[in-house]
There are 2 protein chains.
Amino acid sequence: MRSKLNMREVAQKANVSLATVSRAMHSPDKVSASTVERVRKATEELGYVYNATAGDILRGRSTVLGVLVPTASNALFGETLHGIQTMTVGGGYSVLQAATHYDADGEEALIESLLQRRVHALILTGVTYGLEERVEQLAREARVRIVVVWELPKPDMTASYVGFDNMEAARRMTEYLIELGHRRIGLIVGPFSKIARARHRLEGYRIALERAGIPFDADIVKERSPGLLEGREAMDRLMRNEDRPTAVFAASDLLAIGALKAARSMGLSVPGDVSVAGFDDMEVASYQDPPLTTIRVDAYKIGQIAAQTAMEPLGSPTRNYCLDADLVIRGSTGPIKPGGGR
Amino acid sequence: MRSKLNMREVAQKANVSLATVSRAMHSPDKVSASTVERVRKATEELGYVYNATAGDILRGRSTVLGVLVPTASNALFGETLHGIQTMTVGGGYSVLQAATHYDADGEEALIESLLQRRVHALILTGVTYGLEERVEQLAREARVRIVVVWELPKPDMTASYVGFDNMEAARRMTEYLIELGHRRIGLIVGPFSKIARARHRLEGYRIALERAGIPFDADIVKERSPGLLEGREAMDRLMRNEDRPTAVFAASDLLAIGALKAARSMGLSVPGDVSVAGFDDMEVASYQDPPLTTIRVDAYKIGQIAAQTAMEPLGSPTRNYCLDADLVIRGSTGPIKPGGGR
DNA sequence: TTGAAAGCGCTAACAC
DNA sequence: GTGTTAGCGCTTTCAA
């Protein structure tokens, strides 16, 4: 139960100076083998643990990454987190993690607290509307590296990006549904009034409709936080619409899985009575019955690349990665039932 | 692009001493209002951000919690993480997070790196076999608070625990299946050779069989990492057993969802041909078709309580919380089909 | 190869 | 109220 153990105590025990202990730990080649051994032994006997934060302060560097996700309880962001962690372990970095819950005020406070911890870089899962300027400023002042993930590069931002084209992918999915003969297509989509990737998905949907000459109907577009419950509730409403959609694009797999449940509860067959499509290709998507047609996103890879980019030295050029996001056709979507529409 | 910004620069700009800046930030009531305002202004104009790590060092305290989960990509541990984060935000703590992947060596290295960051406490999702002694030692030396979650208190450990009775819950589930008439019950269970909670679930299963006079058959017990793929593969094997189980207890919902998929792929109806039960009650469990019979665990609450316990001052008494874990009966289990067995 | 000393960014006890 | 000073645990010149 010794109270405070520092390098000085190790130095005393090993009969060397403080500086020598430091050298023995970081560059043993600059110290005689016997001294290194004495220090190692003293360290072990005392149970000394190196203080990395003190070291970082003195060196004026940081080996901590700050990561912000909307919520840790979504397995999708968990995958990205996982990807980040596989890369940081080797690089000697640790990960400070927090969740924003799509709240701009909360996000700002969390960014502030991560900056106070002097993180080397900030990995942000999108930037909530209203915070772009602050993030922009941080990136410009180069106090910290900024990596935005899950979004396509925003040309005027000075941050790095690791994402994919949300709009393009959503357009592709909507077009696929149209090709199947659907013209009444509902949309359940994330908080587009707060985050860009949700808005881009909405945009993609819109554009596809427009190209096909299908009028946009706000009545069958539902904005919801990506969650099972929300998907179920939104689907329920859509299916109670007097002019019920024959297909529903739930632009997040959690929403889609919720939607499948709603359809089942109402006795509707999928895709017989209504087609359901998701977005993200969470692992669980292909385990649904029917398996979910969705957009494949490599959440894990996003994390890996983001971590690599984040760990680069301050002042390194920004990087932009645009990954693939492909349509994966499974069993939850099918041709419109003859006479099903209208 | 100014390089290094510290309190001293703020002091200069505000024409006060370094100490006054510190006071103005932490206890503004001890400084005149006009000075506080001058400091605030200088801080803002320079874009100064307080360095919390330096502060922590000097105060000899820490406001960081270290959290180790098996993997971040499992939504279940994501829930616990989520619970932890809701509590830490208010308390001014940050969360350093890492994943062990059920690997003892990796876990040891991660614990070491968290200790080097001088975390106030360590929240561990179980302790991999082979590491108990090290963790025990850490707790005894009181360098850091240790909170083990998802496990029932181990009487001889000096750490705190926030968990539930895994054995009891598994026994209860197995008994329920037996009550339904099943006597040939397969088990798919987590890495019991590495982590206690998986072993306890195995034990519970064993005890229930024993009480019912059903012989234990290692052929229909599969040890797998909790994952969808693993559950599917294990179920597939179980169903190819010449004396096929009429019920399968997958002691983790992910395994169970994988098992459901395997059954579907083989054209088996659940629960008609085979009953499937899970464990954990992940949110997605009730969204399956059929909805999963499982054990309800409040992963979120575990996180909340763990965080509270972890944030208590060093030297506070250890705490033990045993939460409920109840049987939730849904559609994936049913009575044995007459003539189905043997 | 090693030690002494200066100092990273900050706090707190003590004076004024 | 405010400034001065000593110092947290560590790294890194600079000399020896």
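Naming: A, B, ... by sequence-line order, numbering from 1 per chain. Below, all heavy atoms of this structure are taken into account, side chains as well, without hydrogens, waters or symmetry copies.
A/Thr43 places no side-chain N or O within donor-acceptor distance of the main-chain N or O of A/Tyr48, the cut-off being under 3.5 Å. Judged by distance alone, with hydrogens and angles left aside, the side-chain atoms of A/Ser62 form a donor-acceptor pair with the main-chain N or O of A/His120 at under 3.5 Å. Side-chain atoms of A/Asp56 never come within 3.5 Å of backbone atoms of A/Arg59 as a donor-acceptor pair (strictly under, hydrogens ignored). Proximity of a side-chain donor or acceptor of A/Glu151 to a complementary backbone N or O of A/Arg197 within less than 3.5 Å is detected. Looking only at distances, a side-chain donor or acceptor of A/Arg118 sits under 3.5 Å from a matching main-chain atom of B/Tyr50.
Rounded to an integer number of Å, the gap from A/Arg23 CZ to D/dC10 C1' is 13 Å. Atom-to-atom, OH of A/Tyr50 to C1' of D/dC10 comes out at 7 Å; the value is rounded to the nearest Å. Nucleotide C/dT1 holds its C1' atom 17 Å from the CD atom of A/Glu37, rounded to whole Å. B/Arg61 places its CZ atom 14 Å from the P atom of C/dC10, with the value rounded to the nearest Å. What separates NZ of B/Lys30 from P of C/dT11 is a distance of 13 Å, to the nearest Å. Following rounding to the nearest Å, B/His26 (NE2) and C/dG9 (C1') show an atom-to-atom distance of 11 Å. Distance CD (A/Gln116) to C1' (C/dG9): 13 Å, rounded to an integer number of Å. D/dC10 atom P lies 8 Å from atom CE of A/Met25, rounded to whole Å.
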For nucleotides 5-9 of chain D, which of its nitrogen or oxygen atoms have a protein nitrogen or oxygen under 3.5 Å away, and what is each distance?
{"unit_1": "D/dG9", "atom_1": "OP2", "unit_2": "A/Asn6", "atom_2": "ND2", "d": "3.2"}

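Residue A/Ser32 has a polar side-chain atom (N or O) positioned under 4.0 Å from OP1 or OP2 of C/dT2. Distances shorter than 4.0 Å separate none of the side-chain N or O atoms of B/Ser17 from OP1 or OP2 on D/dT2. The phosphate of C/dT2 (OP1 or OP2) has a side-chain N or O of A/Thr35 nearer than 4.0 angstrom.
In this structure, a donor-acceptor pair under 3.5 Å is present between the side chains of A/Thr63 and B/Arg117. With no hydrogens or angles considered, a side-chain donor-acceptor pair links A/Thr53 and A/Asn51 at under 3.5 Å.
Ring-centre distance between A/His82 and A/Phe77: not below the 6.0 Å cut-off.
The overall bend of the helix from C/dT1-D/dA16 to C/dC16-D/dG1, read as the angle between its terminal helix axes built from five base pairs each, is 30° when rounded to 10 degrees.
Ion pairing of B/Glu37 with B/Arg40 is present here, as a side-chain N (NZ or NE/NH1/NH2) and a carboxylate O approach within less than 4.0 Å.
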